[in-house]
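Working notes for the structure below.
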Amino acid sequence: MDDLRDLYQEVILDHNKRPRNFGVLPGANRSAEGHNPLCGDRVTVFLDVDGAGRIQGISFEGAGCAISTASASLMTEALKGRSVEEARELFQEFHRLVTTGEGAGAPELGKLAVFTGVREYPMRVKCATLAWHTLQAALDQRDRPVSTE
């Protein structure tokens, strides 16, 4: 179990140090901002959703703790090319994982399973889900910033 935990920690640290899809997305047609006042995390999610409802491009920028940054990075990798409906379903699976630990072996989660231990630290659940809640706001084209409070 320690080897698995070490691997999970390594993936999170890698995505924190070298976040994927970081920066403003040229041609984005949707975006939203999010803030976690407890940890100080801030994130903006950018999307390019085509007319068929498929995420052609996704990126993020902001600053936050390792969990928040890694979650945003892994989220962008997992969602590029998926439909809006698939993105919403993956959000539900991810949220269930980090709040209850259920579904850790679900194939659709892939690398996102590294966040399974977050449920043991309730304050970190908000860090892990900030980018995802911000994604939901971007998909819904809400113009108010998202807050974890």
Side-chain angles (χ1 to χ4, degrees), residues 8-9 11-104 106-149:
Y8 284 1
Q9 200 169 38
V11 170
I12 290 170
L13 291 174
D14 178 49
H15 277 266
N16 177 54
K17 288 179 185 173
R18 290 177 291 285
R20 283 41 157 206
N21 304 303
F22 187 84
V24 176
L25 178 68
N29 54 19
R30 299 182 191 187
S31 66
E33 296 177 9
H35 180 231
N36 175 0
L38 291 175
C39 196
D41 304 327
R42 291 192 175 277
V43 67
T44 302
V45 173
F46 302 94
L47 297 171
D48 177 12
V49 179
D50 69 15
R54 189 154 300 279
I55 299 170
Q56 295 300 312
I58 180 171
S59 71
F60 77 100
E61 68 175 7
C65 68
I67 297 290
S68 178
T69 301
S71 180
S73 177
L74 283 157
M75 176 189 78
T76 64
E77 285 193 325
L79 294 178
K80 192 178 286 188
R82 291 189 186 231
S83 71
V84 168
E85 186 57 37
E86 289 170 327
R88 292 184 194 282
E89 289 170 8
L90 192 57
F91 167 78
Q92 293 301 321
E93 287 296 316
F94 181 76
H95 194 265
R96 188 167 62 109
L97 172 76
V98 297
T99 57
T100 68
E102 294 176 20
E108 60 272 7
L109 284 172
K111 289 182 183 179
L112 294 167
V114 300
F115 293 99
T116 191
V118 169
R119 74 181 183 287
E120 297 172 22
Y121 308 95
M123 298 297 284
R124 293 294 179 212
V125 170
K126 292 180 180 193
C127 301
T129 59
L130 175 63
W132 292 85
H133 286 292
T134 307
L135 166 76
Q136 293 288 91
L139 291 172
D140 295 340
Q141 297 181 316
R142 286 185 251 145
D143 57 359
R144 291 184 33 212
V146 173
S147 176
T148 57
E149 291 307 300

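Residue Ile12 comes nearest to Ala66 through the heavy atom pair CG2-O, 4.1 Å, listed as atom of the first residue, atom of the second, then distance. Pro26 approaches Val24 most closely through the heavy-atom pair CD-O, 3.2 Å. For the pair Ala78 and Leu90, the tightest heavy-atom approach, listed with the atom from each and the gap, is CB-CD2, 3.9 Å. Ala131 and Val43 make their closest contact through CA-CG1, 4.2 Å (heavy atoms, listed as atom of the first residue, atom of the second, distance). The two atoms that bring Glu33 and Thr134 nearest to each other are C-CG2, 3.7 Å, heavy atoms only. Minimum interatomic distance between Val45 and Ala138 (heavy atoms only, all atoms of both residues): O-CB, 4.4 Å.
For the ring pair (Phe, Tyr, Trp, His ring centres under 6.0 Å) test, no residue two or more places apart in sequence or in another chain qualifies with His35. Taking the side-chain hydrogen bond (donor to acceptor under 3.5 Å, both in side chains) definition, one finds that Arg96 meets it with Glu93, Glu102, sequence neighbours left out. Annotation: side-chain hydrogen bond (donor to acceptor under 3.5 Å, both in side chains) contacts of Ser71 (sequence neighbours excluded): Trp132. In this structure Arg18 satisfies the side-chain hydrogen bond (donor to acceptor under 3.5 Å, both in side chains) test together with Asp14, sequence neighbours excluded. Taking the side-chain hydrogen bond (donor to acceptor under 3.5 Å, both in side chains) definition, one finds that Ser147 meets it with nothing, sequence neighbours left out. Residues that satisfy the salt bridge (charged side-chain N to carboxylate O under 4.0 Å, His left out) test with Glu86, not counting sequence neighbours, are Arg54. Under the ring pair (Phe, Tyr, Trp, His ring centres under 6.0 Å) criterion, Phe46 pairs with no residue at all, not counting sequence neighbours.
Rounding to the nearest 0.5 Å places CD1 of Ile67 at 13.5 Å from CE of Met123. Note that CD1 of Ile55 is 11.0 Å distant from NZ of Lys80, once rounded to the nearest 0.5 Å. The CG atom of Asp143 sits 10.0 Å away from the OG atom of Ser31 when rounded to the nearest 0.5 Å.
For Arg30 (side chain) and Leu139 (main-chain N/O), a donor-acceptor pair under 3.5 Å exists by modelled atom type. With hydrogens and angles ignored, the 3.5 Å screen pairs no side-chain donor or acceptor of Asn16 with any backbone N or O of Ala70. Ser73 contributes no side-chain N or O that, together with a main-chain N or O of Thr69, makes up a donor-acceptor pair within less than 3.5 Å.
Side chains of Thr129 and His95 form a contact here, defined as non-hydrogen atoms less than 4.5 Å apart. Glu77 has its side chain within reach of His15: a pair of non-hydrogen atoms, C-beta onward, lies under 4.5 Å apart. Between Leu135 and Leu47 the shortest side-chain heavy-atom distance falls below 4.5 Å. You'll find the side chain of Val11 reaches within 4.5 Å of the side chain of Leu74, heavy atoms only.
Note on residues 126-140: pairs passing salt bridge (Lys or Arg N to Asp or Glu O under 4.0 Å), not counting sequence neighbours, are Arg88-Asp140, Lys126-Glu149, Asp140-Arg142.
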Do any side-chain atoms of residues 56-63 form donor-acceptor pairs under 3.5 angstrom with protein atoms, and if so which ones, sequence neighbours left out?
unit_1: Gln56; atom_1: NE2; unit_2: Asp50; atom_2: OD2; d: 2.8
unit_1: Ser59; atom_1: OG; unit_2: Gly23; atom_2: O; d: 2.6
unit_1: Ser59; atom_1: OG; unit_2: Leu25; atom_2: N; d: 3.3

Please tabulate, one pair per line, all N/O donor-acceptor pairs under 3.5 Å involving side-chain atoms of residues 110-118, not counting sequence neighbours.
none

List the steps, then state whether side-chain contact (heavy atoms from CB on, under 4.5 Å) holds for Leu38 with Thr148. CA-CA 8 Å; Leu38 291 175; Thr148 57; 5.6 Å; no

